[in-house]
Amino acid sequence: MDEPGWPDRCILARPFSGLPRYIVFEARSHPLPSPEATLPHPDLPHARDLVAQAERVVALTGAGISAESGVPTFRDAGGLWRNHRPEELSTIGAFERDPRTVWEWYEWRRGFLATCEPNEGHRALARFFLRRGVDGIVTQNVDGLHTRAAAEEAGDGPPDAAFPIEIHGAIARDRCNDCGLRAEAEPLAAHDDTARGTGTGEAPPGGTLPRCAECGGLRRPDVVLFGEMLDGALLERAQTMAARADLCLVIGTSAVVYPAAGIPLATLHGGGRIIEVNPQATDLTRAAEVALRGAAGEVLPELLA
Ligand code: OAD
């Protein structure tokens with residue numbers, strides 16, 4: 001393609017070749033121009049028609065959908081990866097080298113997320129899939145806000161149809177790094193005898209970290225770290241759902257982390273369409289039938305009403 005910044009389909013497809021398809025990695029392309037959000041959205045009627053006509057709909061969400069809940073994104077100005085080095089905090093190598101630092105980072109995020117609430121974007125999406133009862137949400141977010149929105153919007157009914165497939169895991173759970181056994185998360189300090197002994201609440205290096213009740217291995221938050229494999233069964237479910245969908249809603253993701261960013265392409269390759277909801281252009285924008293420039297919490301209630 002001749003437009004600067006647009007990676008052609010070959011480049012979009014390339015991350016799947018030469019790398020095991022379940023490994024998490026980031027594929028950056030040239031920066032695209034970032035047009036200002038346009039309100040009201042001139043393409044909204046067309047987007048609403050696409051939603052009304054679609055028999056099967058899948059949504060892929062990223063950090064942007066939680067931005068209006070106060071959760072920092074990763075790559076925007078002020079995003080987590082602008083201020084922290086992912087290779088020190090969110091890779092399997094970092095965990096093996098220095099589990100305490102990685103633990104403290106996730107413990108900080110757990111504490112922060114406990115103060116956040118689902119926003120109108122999560123809620124609109126939850127209502128939409130509860131109404132439909134089929135297909136659903138695939139999220140890269142580990143914050144649990146889709147699940148909370150589903151439970152709250154379902155009221156006395158079953159919330160399952162709006163529970164997301166969490167392909168990068170869930171920060172609220174622990175998992176054994178050795179045997180994979182999942183466990184309810186406990187505060188780090190509860191395992192840290194040294195910290196309890198000092199009474200400072202601080203966790204000195206070398207203090208005790210949470211261990212698996214079954215095998216004694218080191219526990220860690222149940223999230224996928226860079227360089228790790230995704231859960232193959234979850235990814236298959238997400239890709240199958242996307243491949244048979246007529247419509248993929250791509251919401252609040254920069255679409256640079258694979259294999260998640262390849263999920264909308266499964267819809268495209270199956271003959272379906274993409275609607276993107278994002279204040280900025282991304283690598284996927286030109287593949288979208290409609291790109292609604294705006295915040296998810298404002299756009300989704302209008303799009304999915
Ligand atoms: P990014 O931080 O890369 O991208 C966030 C996207 O949200 C950007 O495209 C923003 O323009 C957009 N955005 C910001 N505010 C928004 C709003 N109110 N409404 C809609 N969109 C908004 O986050 P992700 O794409 O989710 O992985 O990042 C993907 C993965 O990278 C994460 O799952 C995480 C991270 O490293 C792992 O940790 C494995």
Side-chain angles (χ1 to χ4, degrees), residues 15 22-29 31-37 39 41 59-92 94-95 102 105-106 109 116 118-122 124-125 137-146 164-171 220-231 234-235 238 249-264 275-285 288 291-303:
Y22 301 144
I23 288 251
V24 181
F25 67 98
E26 180 170 330
R28 283 214 163 269
S29 68
L32 287 160
S34 297
E36 290 298 309
L39 283 169
H41 307 290
L60 172 71
T61 69
I65 195 168
S66 298
E68 290 150 274
S69 296
V71 182
T73 61
F74 293 94
R75 296 172 183 80
D76 294 309
L80 292 171
W81 296 157
R82 294 290 178 103
N83 302 312
H84 303 277
R85 289 164 62 89
E87 59 272 30
E88 284 170 10
L89 297 169
S90 202
T91 67
I92 185 61
F95 184 75
V102 175
W105 154 249
Y106 281 98
R109 282 180 67 194
C116 299
N119 65 52
E120 288 309 311
H122 298 108
L125 211 52
I137 304 166
V138 179
T139 190
Q140 299 165 85
N141 300 344
V142 298
D143 58 28
L145 292 176
H146 283 302
I165 300 178
E166 295 172 310
I167 52 175
H168 288 171
I171 199 170
R220 32 84 60 95
D222 189 11
V223 298
V224 177
L225 302 171
F226 279 106
E228 283 192 302
M229 307 284 271
L230 289 188
D231 179 323
L234 283 188
L235 186 61
L249 309 173
V250 182
I251 304 158
T253 177
S254 58
V256 295
V257 173
Y258 283 78
I263 286 172
I275 296 176
E276 184 180 61
V277 178
N278 195 314
Q280 313 245 350
T282 74
D283 284 0
L284 275 179
T285 300
L292 297 171
R293 297 267 154 266
E298 290 170 12
V299 175
L300 290 179
E302 289 188 58
L303 176 65

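These figures come from a predicted structure and were not determined experimentally. We count ligands from 1, going down the list as the structure has it; atoms in each ligand are counted the same way. Note that the numbering runs from 1 along the sequence shown for the chain.
Contact atoms of ligand 1 toward R75: 1 (P), 2 (O), 3 (O), 23 (O), 28 (O), 29 (C), 30 (C), 31 (O), 35 (C), 36 (O) (distance under 4.0 Å to a heavy atom of the residue). Those atoms of ligand 1 with a heavy atom of G62 less than 4.0 angstrom away are 26 (O). Annotation for ligand 1: atoms under 4.0 Å from non-hydrogen atoms of A295 are 17 (C), 18 (N), 19 (N). Near Q280, the atoms of ligand 1 lying under 4.0 angstrom from a non-hydrogen atom of the residue are 11 (O). Listed by atom number, the atoms of ligand 1 under 4.0 Å from W81 heavy atoms are 35 (C), 36 (O). Close contacts between ligand 1 and F226 involve ligand atoms 36 (O) [criterion: under 4.0 Å to a heavy atom]. For ligand 1, the atoms closer than 4.0 angstrom to any heavy atom of V224 are 39 (C). Heavy-atom contacts of E68 reach the following atoms of ligand 1: 17 (C), 18 (N), 19 (N) (cutoff under 4.0 Å).
Between atom 38 (O) of ligand 1 and the options S90, G79, A77, G169, the minimum heavy-atom separation is to S90.
Every N/O-N/O distance between P279 and ligand 1 stays at or above 3.5 Å. For ligand 1, the polar-atom distance check finds no N/O of N141 at less than 3.5 Å from any of the ligand's N/O atoms. The shortest N or O to N or O distance between T282 and ligand 1 is not below 3.5 Å. Geometrically, ligand 1 and A296 share a nitrogen or oxygen pair separated by less than 3.5 Å. Close N/O approach between G252 and ligand 1 is found [any backbone or side-chain N/O within under 3.5 Å].
S66 OG to L145 CG: the interatomic distance, rounded to the nearest 0.5 Å, is 4.5 Å.
Using a 4.5 Å heavy-atom threshold, the side chains of I65 and H146 count as touching. Residues E302 and L292 have side chains not in contact (no heavy-atom distance under 4.5 Å, counting atoms from C-beta outward). Taking the side chain as every heavy atom from C-beta outward, R293 and T285 approach each other to under 4.5 Å. Proximity of R82 to D76: side-chain heavy atoms (C-beta onward) are nowhere separated by under 4.5 Å.
In terms of the salt bridge (Lys or Arg N to Asp or Glu O under 4.0 Å) criterion, residue partners of R220 (sequence neighbours excluded) are, by chain and number, E228. For E166, there are no salt bridge (Lys or Arg N to Asp or Glu O under 4.0 Å) partners, not counting sequence neighbours.
Under the 4.0 angstrom criterion for non-hydrogen atoms, D76 is in contact with ligand 1.
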